[in-house]
Amino acid sequence: MNPLRIALNRPLPPLTYLGPVGVPNGVRVRVKVRQGSALGLSLGADAHPPAVKLRPLDVVVDPFPLLPSPVRQLLSFAAGYYGCTEAHLLPLSLPQGLEPRWMEPLPDGRTLAELRDQGAWEALAQAGEAWHAGTLSLPTLFHRLERRGAGLTEVRRTEVPHPLKVTGSQAKLLLALENAGGALLEEDLLDIAEVGSSVLATLEKKGLLERFKRVDLLAQKRTATEVRQVTLSEEQKRAVDAVALGAFHPHLLYGVTGSGKTEVYLELVRRTLALGKRVLWLVPEIGLTPRLLSRLEGAFPGQVAVGHAGLNTSERQADVIRLLNDEPRIFVGVRNAVLAPLRRVGLIIVDEEHEGSYKSEEHPRIQARDLAIKRAQLENCPVVLGSATPSLESWHAAQEGRYKLLTLTQRPGTAVLPSVEIVDLREVYREQRKKVVFSPKLLEALGETLTRGEQSMLLLNRRGFENFWMCRACGKLLECAHCAISLTYHKGAWKLRCHLCGFEAAPPEACPHCGAEHLRGVGEGTEQVEEQLQTLFSTARILRLDRDTTSRRGSLEAGLLAAEEGHVDILVGTQMLAKGHTFPKLTLVGILNADMGLKVADFRASERTFQLLTQVAGRAGRKELPGRVLLQTYSPDHPAIECALKQDFLAFAASELPFREGLQYPPFAHLALYRSEHKDVAEAKDALEGLKAQLKQVPGLKLLGPLEAPVPRAKDLWRFQLLVKSPHRGPIGEAMARTSGTPTSGLSVDRDPQSFG
Ligand code: ADP
Ligand code: ZN
């Protein structure tokens, strides 16, 4: 036995355990932490073990590192960069519960377990390298492979709270499920928990568990593949040829909406596969890409795998097993896919690179677009970031020549950019003497579009029925009991809901502050817009798409498909509508309140508004029919609105960048945001004061705060922030290094933050 350093997926620094001599870096082990058991990652022998009695580890899980070498290097880089341990990132690469089979035989007949028992870790490591290189096949290393696919029953934990008393075997089962992240195949669950199926049945009756028949998502998508050949335009050809395969270089593909960026990616994929390499293709959201998936499946049948991030554990396991078994050659996935164990990557695509969903808003707070660049460097391959509205970070990098700029200025064929008109809501107010949701011009356009049998899309970036409830007698707002934000009224559910913590309450008759019965809803949301439309256009088929209507799995896909096939006349929704879709009959886009995002206290408010408006406008007229966009606003002179009106990204970037430079914000400065949350106000603030004292010793940092967070209380905790700024990455890295390693509860750091709430 030998001291080994083990990184744990806990808020703890690496700990030292006793393990077999020779256990290499990068294999997973199971250890006891306090009372429980945890999966950890071996960091190799500990040359300076602490002078205490060391506990032995429980079991070595992997015979050799399962992650390809560039991914291991990427994890190590990301851990340092984002201030976490590799073990925090590991579940994003390898889902928990994915365990190799030690009984797997090697060509000489010895099993992996036999080598382990002889302490032959060196031989195991060699086998692992051969397996990664594709010269050694271990076909049943992951026994779940045979059980993949539809028709299996999966058990999931429900929302029903844990009861105070359970029997011993029930506890075993619930614990096994919890350790697996809340879902497991029934067979495996009973296996791991070592209990009989009657226990499961009892818990199901109590509502603690649910059983599901699994369906194979990719198999479903395969039924609707699309095979089509287009001839690339001159611009598209030039973009493709500018990407040199076989060496690292970042590229920014800036192409106006509908200019055919996808065709450029597809041609690059073809060329990469011809070289025997693989493709990692990142998208902001899988649910929004049914078209892309069917196109990919049509062009490269049987070679595409889809990463089901956010779905349940066994599905994620099935994905990763396919990657580890070297089946797919193209892997399409969302954020975490940047860490996927795909081997021999020869091209990385980050579509809609400006999208906020590439940044994780929970620990570990990675930014997949940035990690994609790092990964491409480690894989020594090109990376292409694409967008019609690039992030100013990427644009600036292209301007400085750090990224190669590829440009598509036109829509292919006869399609042209839609014409955008402003509707000045101030004038409408003057004429109508009241606030309206739909201006007369928009109503008229909606009517005409309906008559022509074409489609309309209305964007309002706020869900619910009314934004908040106010008491007219005392002027107070109805707030969440746990957070310092107002509750949103959802009429269908007849509930006031907190969009932050999910708290809900039945709408009261009277004001809880003063008792007056003068409560009034303010600020319409998508639910109300849908209701008003239904009254105005009683025969129209209206579909609302927002987080409330698409929470059920598959409902977003179903809705989009219905719209694509022409079963919807008017689509109403939030920013979900903005993302990468082609509805052939969509000719009218109405933006109900273009200013909404501008009021947020965030230096990216303009950029986000410009992106959203331009992207939504870009949905119109993507095929033969010309598109029209009506943009309702109270501030027609705002640069973000003016540039969106002209769909002119270059003008927007030119007006916004000097402002960022003047105020020293990204891309001209680098940020890290320290957050503190505590039940006690003073403690929340003091934690950051302590940190600030420490950071004052780092030269080149500007420290702003600690200040109350924009939402000062959430989920019963007080929130404070300390913003750290520097014109260079170095000092920020230094700050991260000084403050990591001593994680304190309630204190967290967000490097390159996207959200300041
Ligand atoms: P983007 O991703 O740039 O917004 P898409 O890749 O979705 O645009 O392309 C918009 C539409 O134009 C799609 O329907 C696509 O099939 C079509 N298209 C793209 N390139 C060509 C081309 N060279 N010839 C004909 N049609 C094309
Ligand atoms: Zn709340």
Side-chain angles (χ1 to χ4, degrees), residues 226-240 252-269 281-284 288-296 298-299 349-355 384-390 406-418 464 468 477-488 490 495-505 560 564 578-586 611 614-625 627 647 649 677 709 711-719 757:
E226 205 178 316
V227 189
R228 191 157 44 96
Q229 258 320 339
V230 302
T231 314
L232 293 186
S233 68
E234 278 309 310
E235 273 188 328
Q236 286 170 320
K237 269 193 220 130
R238 233 176 292 132
V240 170
L252 176 62
L253 174 60
Y254 158 57
V256 300
T257 55
S259 58
K261 293 182 283 298
T262 311
E263 297 301 333
V264 172
Y265 303 145
L266 288 171
E267 181 55 28
L268 286 170
V269 171
W281 185 317
L282 303 185
V283 294
L288 294 168
T289 48
R291 278 251 161 161
L292 170 67
L293 294 181
S294 67
R295 294 226 45 205
L296 272 171
I349 293 165
V350 184
D351 195 17
E352 309 290 351
E353 65 90 27
H354 63 279
E355 278 288 343
V384 180
L385 314 181
S387 177
T389 53
L406 319 171
T407 318
L408 302 178
T409 57
Q410 275 154 13
R411 288 186 169 187
T414 54
V416 288
L417 282 178
F468 53 83
L477 305 182
L478 293 191
E479 284 204 342
C480 173
H482 309 280
C483 311
I485 64 165
S486 47
L487 296 168
T488 302
H490 291 253
K495 283 272 158 40
L496 288 166
R497 272 192 197 137
C498 172
H499 285 183
L500 206 61
C501 75
F503 168 83
E504 38 174 57
L560 292 171
E564 271 184 29
K579 298 177 189 173
H581 261 276
T582 299
F583 301 109
K585 288 175 79 184
L586 182 74
Q611 286 167 350
T614 310
Q615 294 281 353
V616 187
R619 298 302 116 208
R622 285 165 79 89
K623 289 283 180 175
E624 294 73 25
L625 302 168
Q647 300 183 71
F649 170 77
E677 299 191 324
V711 178
R713 198 168 61 104
K715 300 177 193 172
D716 290 319
L717 298 173
W718 294 96
R719 309 170 74 234

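Remember, it's 1-based here, ligands and their atoms both numbered in the order they're listed.
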I'd like to know whether ligand 1 has Gly255 as a neighbour, heavy-atom separation below 4.0 Å.
no
Quick check: does His482 have an N/O/S atom under 2.8 Å of the Zn ion (ligand 2)?
no
Could you grab the angle centred on the Zn ion (ligand 2), going from SG in Cys501 to SG in Cys498, to 10°?
110°
Considering the heavy atoms of Gly258, write down every atom of ligand 1 situated less than 4.0 Å from one of them.
1 (P), 3 (O), 4 (O), 8 (O), 10 (C)
Below 3.5 Å, N or O to N or O, backbone or side chain included: is there any such pair between Arg295 and ligand 1?
no
Can you tell me if Thr257 and Arg411 form a side-chain donor-acceptor pair at under 3.5 Å?
yes
Answer yes or no: does an N/O atom from Thr257 fall short of 3.5 Å to an N/O atom of ligand 1?
no
Considering Thr231, Val264, Val230, which one's heavy-atom position lies nearest to atom 23 (N) of ligand 1?
Thr231
Atoms of ligand 1, numbered as shown, that sit under 4.0 Å from any heavy atom of Leu232:
23 (N)
Which of parallel (below 30°), tilted (30 to 60°) and perpendicular (above 60°) describes Tyr265 and Trp281?
perpendicular
Just to the nearest 10 degrees, tell me the angle at the Zn ion (ligand 2) spanned by Cys483 SG and Cys480 SG.
110°
Ligand 1 atoms nearer than 4.0 angstrom to some heavy atom of Glu263 are 16 (O), 19 (C), 20 (N)
Note: ligand 1 atoms sitting under 4.0 Å from heavy atoms of Ser233 are 23 (N)
